[in-house]
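Here's the structure we're looking at; comments come further down.
Computed from a prediction, not measured in an experiment: that's the story for all the values here. Throughout, protein chains are lettered first and strands after them, A, B, ... in sequence-line order, and every chain is numbered starting at 1.
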2 protein chains.
Amino acid sequence: MARSALSRDEVLDTAAALVKEHGPAALTMRRLAAELGTAVTSIYWHVGNRESLLDALVDRTVTDLGTIRPRGATPAERMVSVARAMRRSLRERPHLVAMVHERGLTERMFLPAQRALVHEAHAAGLRGADAARAVRAVQFQVVGYVLVERNRERSPAQSPGEEELWREEPSTGSDPVLAEALAAPVDTEALFTESVRALVEGLLAGARTP
Amino acid sequence: MARSALSRDEVLDTAAALVKEHGPAALTMRRLAAELGTAVTSIYWHVGNRESLLDALVDRTVTDLGTIRPRGATPAERMVSVARAMRRSLRERPHLVAMVHERGLTERMFLPAQRALVHEAHAAGLRGADAARAVRAVQFQVVGYVLVERNRERSPAQSPGEEELWREEPSTGSDPVLAEALAAPVDTEALFTESVRALVEGLLAGARTP
DNA sequence: ACCTGAACACCGTTCAAGT
DNA sequence: ACCTGAACACCGTTCAAGT
């Protein structure tokens, strides 16, 4: 009757799968036990309690996001590629990343990317405090962007939506093109790339004209 | 024995106070009932269930943040002042704003600020799609920033911290000033103002040299 | 119209007892 | 060393019954 030996890794794997598929709320100790075919209390022996189980999942995610391969011919291109890779990785694991955010470990998760950015900032000729400011500006930009995007995507269908709100906005009566533009949905992918490119160029411009 | 008539507003007030003081996790139906001096089930008559109670609290917060007074002599200054006011309002009600975020209503909450930004963009001479891009860029910047800041602040004391990590980072061996700058804590207040100012100037520059 | 207690189906966690 | 069921103290919610 007894199933084969339970291991900490098996617990973590099953828990991660549960979170990836159904979100963190679906990860109850009882459901996890059912999925594993063990008693609820066995889980406690392997991972302590629910809180440290979540900690372990978050740790895994943080290490998973540690692989960064900058691409491109110039330092600027490579910095943009790092930013885009960071954004992509984050968006692939929404639930797990949300848990990383909740635990305030976003910074830690970005350390490898930060290192890559330092390397490219140096290659572009930035030094000292200027290089530090550039690295942090890009990091804040990316993290902030992803958080905003997640936010927007989780937003339920709203009534009235942005569209209706801006269609009959009196303050834009003299500028129908503006009203139209604000009523249209945001292309966040394009806006992200544009913003990062502009930011990086702005930051690197300092290196050429000190 | 029976207390004076319970009202929906009283329920919301007490719930809001509970969230402001002890965070959303402290808002259980039983604790709220105890605070109000009623039976748990009475609350259900007034607000439906816990979910719609939270919805109502979030609605309140969204309207509370609707007051925006731009200050400054130039459109650029006034746009920066709007951004700073948005940030301040958000940071004054961390728990309630977090609930707004969770419900994906951040955009809605920013509509009044968006209107103010549209006004100033117009005053600065921006029109049509350029104005829309400027408004959205500022909005994304502010929201993203506040989210990142909250994230950083909730982060528990980490070991090793950023400081230790960058002190002995080999990649910065040739640039001790950079290592020093990255090891130092970020002055997010200053970085915010600098970033917004630079962004706004960059966006308005387009109006003068089309 | 408003309030109530009892009951239901869930939680996470502890613990003494098994092997 | 590992697993178990029973029990505890919590949840949110429903509902029939009161006034």
[Y]/[X] salt bridge by N-O under 4.0 Å criterion:
X       : Y       : value
R8(B)   : D13(B)  : no
R103(B) : E51(B)  : yes
R136(B) : D187(A) : no

The single option from E92(B), E149(B), Q141(B) passing side chain to side chain donor-acceptor pair (under 3.5 Å) against R87(B):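 Looking at E92(B), E149(B), Q141(B), the match for R87(B) under the side chain to side chain donor-acceptor pair (under 3.5 Å) is E149(B).
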Rounded interatomic separation in angstrom, taking CH2 from W45(A) and C1' from dT13(C):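 Computing the W45(A):CH2 to dT13(C):C1' distance gives 18 Å.
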Protein-nucleotide distance (R50(A), atom CZ; dC10(D), atom P), rounded to Å: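 Rounding to the nearest Å, CZ of R50(A) and P of dC10(D) are 19 Å apart.
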Whether over 12 other heavy atoms sit under 6.0 Å from R197(B) CZ: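 12 or below, so no.
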CZ/R84(B): more than 12 non-hydrogen atoms of other groups inside 6.0 Å: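 At most 12 heavy atoms, drawn from other residues, nucleotides or ligands, come within 6.0 Å of this atom.
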Below 4.0 Å: OP1/OP2 of [N] and any side-chain N or O of [X]:
X      : N      : answer
T38(A) : dC3(D) : no
S42(A) : dT4(D) : yes
H46(A) : dC3(D) : yes

Contact letters for nucleotides 14-19 of chain D, in which S counts primed atoms plus P, OP1 and OP2 and B counts the base, heavy atoms under 4.0 Å: BB----
Contact nearer the 5' end of DNA chain C, comparing R30(B) with A5(B):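 This one resolves to A5(B).
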